[in-house]
Structures are given as structure tokens and as C-alpha cells.
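Single-structure report; data block below.
Hydrogens, waters and symmetry mates play no part in the numbers below; they use all other heavy atoms, side chains included. Order of appearance sets the numbers: ligands from 1, and atoms from 1 within every ligand.
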Amino acid sequence: MPPIVSNLRAVERRISVALQCAAREVTLVAVSKQRSPEDIRAVVAAGCRNIGESYVQEALPKIAALAGAGATWHYIGHLQTNKARDVAANFDWVHGVDRARVAVALDRARPENLPALEVCVQVNISGEATKGGVAPDEALQLCREVSALPRLRLRGLMGMAEPTTDAALQRVQFARLRAVFDEARAAGLALDTLSMGMSDDFEGAIEEGSTMVRIGTAIFGERHGKEAA
Ligand SMILES: *Cc1c(COP(=O)(O)O)cnc(C)c1O
């Protein structure tokens, strides 16, 4: 078995263990930034069809190379209005919507021949200035604005915990996103996706209620070179 596939199987096992007996499923998004189309093809062939990319220019040639392979593409990076057209035309999901202006731009740009774009509103749960996302107390308002746009389908919330070895602190931050999620559902919004958890913290995120984890390093190995937040 190629190393990427054995890593994938190990991550899938860890997800099952973290879920214990919870009557819930967790969708695994394999984050393939800086990885080749061949690497992506290997995980898709092994049954992991949800693929995450953070940089539009890097992702477009890979999406073209994998046309017909059956992958579902998630845009998980920071989103600028001037990239909305490329994202809306090429991805199935967007996890980083954190302002109404970006949501409106995606809605306008989503091609008519495609189904509505699946959207998660990004919430800043760590309070770090370098992270994107709306403040937790503004999330409900943005969710309402997104859900009113016809070419977008609001699915849920996305958040990132602070990179720290303090797992308890990360759990507090994940619980914060879960609380906003519960509040939005109580307010009548039909959310079904809580996108939280990465290679270093996904078990804690699952224990706090995650339904979708975004995992790169634990599947593909360490990335090299510079990264933006
Ligand atoms: C890169 C990235 C991930 C995956 O990170 P790993 O630590 O490699 O698992 C998840 N979510 C977002 C938003 C990312 O940019």
C-alpha cells in the first residue's frame, strides 16, 4: 500500500475511535495544498473524494487535471472578492466566507449550470488577529445573509483552533464554534456541517461535535515552503 493510502487509513481509524459510539458521521476532507495531482488521485482512488485547497491559482490546474475523477472540491483558504469568480466556477464548497461582500460576490458568480455553492461561514474562535472569520457574536447575522442568497446553500460553520500544545484550550475554542452552531440551529437555520479539526487537533474537534475535518499533513506528510494564514 502506498504511504499516502496507509496514512489515510490510519486517519480514518483515528476518526472512528474519536467518534466512539456517537451516532454521527464525520466527513474527511484531504487537504492537498502543495501536493501533486498524482497524490490527489491516490486518495480519491482510495475512496476519499473530498479534497481541500487553499490557494486558487494553485488549485485550478489540479482541478482540471482531475476532471472526471469524481472529486468534490473544497476551497478552504482566505477569500478575496477578486477571486470569487474562479472559486464559484470551480469549487463545490467554500469554507472561508467571513463577510457579506464575499458571499454576494460568490452568489453572483456561481454559474447557472451548477448546483448552489455549499458554504460554511468562517468564525474566528481563537481570537487571533491573524486568523480570518467573523466574531462569534456576528456569525448568526452573516449566516442569515448567506442563507438569503439563492445561488449559495448555507451548510454550516468553519473554525480553526489556535496552534498550541494546550489541547484543553483548543477544546474550549471548538466548543465555542459548537455553541454558535447550536444557537444558529435554534434560530431556525438549517445547518448540518461543523467544519473543525486539522491534523494536530482533529480528535478533540470530533469530541466537541465536528462533522467535517480538514486534514493535510497526517495524510500527505509535511509541507515545505511558505504558507499564508
Ligand atoms: C492547511 C489547512 C488545513 C490542513 O492542515 P494540516 O495541519 O496539514 O492538517 C486545514 N484547514 C485549513 C483552513 C488549512 O489552511
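Against a heavy-atom cut-off of under 4.0 Å, Ser54 is close to the following atoms of ligand 1: 15 (O). Close approach to Thr217 involves these atoms of ligand 1, each under 4.0 Å from a residue heavy atom: 6 (P), 7 (O), 8 (O), 9 (O). Taking a cut-off of under 4.0 Å to the non-hydrogen atoms of Ile215, the atoms of ligand 1 that pass are 9 (O). Counting the atoms of ligand 1 from 1 in the order shown, those under 4.0 Å from a heavy atom of Gly216 are 4 (C), 6 (P), 8 (O), 9 (O). Applying the 4.0 Å criterion to heavy atoms of Arg214 picks out, from ligand 1, the atoms 4 (C), 9 (O), 10 (C), 11 (N), 12 (C), 13 (C).
Ligand 1 is never approached by Asp200 to a heavy-atom distance shorter than 4.0 Å. Put simply, no part of His95 is less than 4.0 Å from ligand 1, judged by heavy atoms.
Polar contact with ligand 1: present for Lys33 (N/O pair, distance under 3.5 Å).
The pair Arg41-Glu38 does not meet the salt-bridge criterion, since no charged nitrogen lies less than 4.0 angstrom from a carboxylate oxygen. By the 4.0 Å N-to-carboxylate-O rule, Arg178 lies too far from Glu208 to be salt-bridged with it. A salt bridge is defined here as a Lys NZ or Arg NE, NH1 or NH2 lying under 4.0 Å from an Asp or Glu carboxylate O, and Glu53 with Lys33 fails to meet this definition.
To the nearest 0.5 angstrom, Met158 atom CE is 9.5 Å from Leu177 atom CG.
In terms of the side-chain contact (heavy atoms from CB on, under 4.5 Å) criterion, residue partners of Asp107 (sequence neighbours excluded) are, by chain and number, Leu149, Pro150, Arg151, Leu152. For Tyr75, the ring-ring contact (aromatic ring centres under 6.0 Å, His included) partners are Phe91, not counting sequence neighbours.
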